[in-house]
Amino acid sequence: MTNNPLPELNKTETKRTLGLLDSTSIVAGSMIGSGIFIVSTFMARDIGSPGWLILLWLITGLITLTAALSYGELAGMMPKAGGQYIYIQRAYGRMMSFLYGWTVFAVIQTGVIAAVAVAFAKYSAVLFPQLADIIGTVKIGSFEQIFTFEHVLAISIIFMLTYINSRGIENGKNVQLIFTGAKIIALLGLILLGLYVGLKTETLSNNFNEPWKAGKTTIENGKSFFSPLIGLALASALGATLINSLFSSDAWNNVTFIAGEIKDPKRNIPRSLFLGTLIVTIIYILANIAYMALLPVAGDINGADAFSKGIMFADKDRVGTAAASVVLGAPAVIMMAILIMISTFGCNNGIILAGGRLFYAMAKDGLFFKNAGILNKRQV
């Protein structure tokens, strides 16, 4: 008898192991970070109108769904690792895809990962105030940076998630499923509780007494000033503040980076993009209605409590915490901190899980470090 050695793993080709649920969790989990708990405050100050505020979130959802469906078609046509990098290369050539890929590496993806990790650390400091303690200061010329334990935690989270995902796609997938499920359930629970309590009051109806009365609120010397918006000024304000809701709905395209590891990509990628973006859009709109059921849109900048400050002047712009405090009181601060920690942790896992596949695709094309195109023994 002759011994037949086990075949070696292919070190240059990924395997298709992710199903529809996995890819949908990457879409939804990457989208939901900390934005939904904060940006409605900025939007309320920019336009001051509950009707326009909800409409902007609806427009954001429609834009996101349209873009997601377009990407779904592209992913079905080109079901390879790299996603947007592949599409740009096909449309505009290697130079444009090279510039895009290196920008993602130098700024876009890395910057988002860092920002989300810092958000995780800042909300962790609500539970552990010692994290805000200063370790030291680094000064280089005119540049000066104060380092705290929050920075150490943020960096540690990035290393930990990178290590987890390097140990096999099953690990990253399981983390994503757990944290995406946890934050969607928690968000829906808060929304239902907020609507249950808020709809027993007249807050929502009072907010919609003049739903389309728009105006920009500015703050000077501890006082707020309301300036009505009409015509071109209103259109400009709507366009400017739409950036906030679009920011909160970003990162849905990360699933296309990992197209080479999704089963039946021509069916599952478009479906996951549609389902993921639709779920998040519905949650975001319901969250804003819940905010308005619990808090007035306009408030007093010097108000004594969350209700009197309203959505516009929520403490530290944390409208989610302000709304929850109306229902839960003081424990809301801790509960929301935990929810945002779960949300940002899952968000970063999805970005880290998918993002590395873009550089893998670039390396295969000779546009990135060669070793990035070689898989480890766990096919990552």
Side-chain angles (χ1 to χ4, degrees), residues 9-18 20 22-24 26-27 29-31 63-114 162 165-166 169 172-173 176 246-247 249-274 276-277 347-376 379-380:
L9 290 173
N10 189 320
K11 293 185 177 182
T12 59
E13 295 298 333
T14 56
K15 291 185 176 181
R16 298 191 182 276
T17 57
L18 301 177
L20 177 60
D22 305 322
S23 48
T24 301
I26 292 171
V27 175
S30 299
M31 289 176 70
I63 291 172
T64 305
L65 280 167
T66 302
L69 289 173
S70 299
Y71 268 56
E73 288 297 314
L74 289 169
M77 294 165 58
M78 294 168 273
K80 300 177 181 178
Q84 194 164 309
Y85 160 80
I86 298 294
Y87 314 151
I88 290 173
Q89 186 178 86
R90 180 68 66 87
Y92 303 110
R94 285 169 61 88
M95 175 59 77
M96 289 297 105
S97 63
F98 168 84
L99 292 174
Y100 168 73
W102 276 93
T103 304
V104 169
F105 177 71
V107 182
I108 300 171
Q109 204 86 343
T110 44
V112 170
I113 289 169
T162 302
N165 281 282
S166 73
I169 197 168
K173 178 187 78 172
Q176 194 66 18
L246 286 172
F247 163 79
S249 302
D250 197 12
W252 49 266
N253 62 318
N254 279 327
V255 75
T256 64
F257 296 154
I258 203 167
E261 289 159 88
I262 295 176
K263 300 174 185 175
D264 193 4
K266 292 185 178 181
R267 289 168 58 87
N268 285 335
I269 294 178
R271 288 180 177 183
S272 66
L273 282 164
F274 174 76
T277 52
C347 176
N348 242 359
N349 182 73
I351 296 170
I352 290 170
L353 185 156
R357 274 64 181 181
L358 185 151
F359 312 122
Y360 164 78
M362 290 179 66
K364 297 270 285 183
D365 289 340
L367 300 179
F368 200 74
F369 302 114
K370 184 178 179 180
N371 284 348
I374 300 173
L375 307 180
N376 66 16
Q379 290 295 96
V380 176

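Because only heavy atoms are used, hydrogens play no part in the values below, and waters and symmetry mates are left out as well, while side chains stay in. Residue numbers count from 1 along this sequence.
- Heavy-atom minimum distance, Phe274 versus Leu65: O-CD2, 3.8 Å.
- Side-chain atoms of Trp102 come within 3.5 Å of backbone atoms of Leu367 as a donor-acceptor pair (strictly under, hydrogens ignored).
- Here the side chains of Leu74 and Met78 are in contact, with some heavy-atom distance below 4.5 Å.
- The distance from atom OG1 of Thr256 to atom CD1 of Ile262, rounded to the nearest 0.5 Å, is 8.5 Å.
- Note that OG1 of Thr103 and CZ of Phe98 are 9.0 Å apart. Values are rounded to the nearest 0.5 Å.
- Taken from CD1 in Ile258 to CD1 in Ile269, the straight-line distance is 10.0 Å, to the nearest 0.5 Å.
- Here the closest non-hydrogen pair linking Ser272 and Val27 is O-CG2, 3.7 Å.
- Taking 4.5 Å as the limit, every side-chain heavy atom of Val112 sits out of range of all side-chain heavy atoms of Asp250.
- Aromatic ring centres of Phe105 and Phe368 lie closer together than 6.0 Å.
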side-chain contact (heavy atoms from CB on, under 4.5 Å) between Asp22 and Gln176, intermediate numbers included: CA-CA 8 Å; Asp22 305 322; Gln176 194 66 18; over 6 Å; no
Working for side-chain contact (heavy atoms from CB on, under 4.5 Å), residues Leu273 and Val255: CA-CA 8 Å; Leu273 282 164; Val255 75; 3.6 Å; yes
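- A donor-acceptor distance shorter than 3.5 angstrom exists from the side chain of Arg357 to the backbone of Leu353, with no hydrogens or angles considered.
- No side-chain donor from either of Gln89 and Tyr100 sits under 3.5 Å from a side-chain acceptor of the other.
- How far CD1 of Ile113 is from CG of Asn349: 10.5 Å, rounded to the nearest 0.5 Å.
- Closest heavy-atom contact between Ala363 and Lys370: CB-O, 4.2 Å.
- The shortest heavy-atom contact between Pro265 and Pro270 is O-CD, 3.4 Å.
- Side-chain N or O atoms of Arg94 include one that pairs as donor or acceptor with a backbone N or O of Asp365 at under 3.5 Å.
- Among all heavy-atom pairs drawn from Phe359 and Ala372, the shortest one is O-CB, 4.1 Å.
- Annotation for Asn165 and Gly172: closest pair OD1-CA, 3.2 Å, computed over non-hydrogen atoms.
- Within the 3.5 Å criterion, the main-chain N or O of Leu20 finds a donor-acceptor partner in the side chain of Ser23.
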Test side-chain contact (heavy atoms from CB on, under 4.5 Å) applied to Leu358 and Gln84, step by step: CA-CA 8 Å; Leu358 185 151; Gln84 194 164 309; 5.8 Å; no
Derivation of the side-chain contact (heavy atoms from CB on, under 4.5 Å) call for Thr64 and Met31: CA-CA 11 Å; Thr64 305; Met31 289 176 70; 4.0 Å; yes
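- Checking side-chain atoms of Asn254 against main-chain N and O of Ile26 turns up no donor-acceptor pair under 3.5 Å.
- Rounding to the nearest 0.5 angstrom, the gap separating the CG atom in Leu18 from the NZ atom in Lys263 is 8.0 Å.
- Between Tyr87 and the choices Tyr92, Tyr71, Phe257, the ring pair (Phe, Tyr, Trp, His ring centres under 6.0 Å) rule is met once, by Tyr71.
- Formation of a donor-acceptor pair under 3.5 Å by the Asn376 side chain with backbone atoms of Val380 is found in this model.
- Taking CD1 of Ile86 as the reference point, atom CE of Met77 lies at 13.0 Å (rounded to 0.5 Å).
- Atom CZ of Arg16 has more than 12 neighbouring heavy atoms from other residues, nucleotides or ligands inside a 6.0 Å radius.
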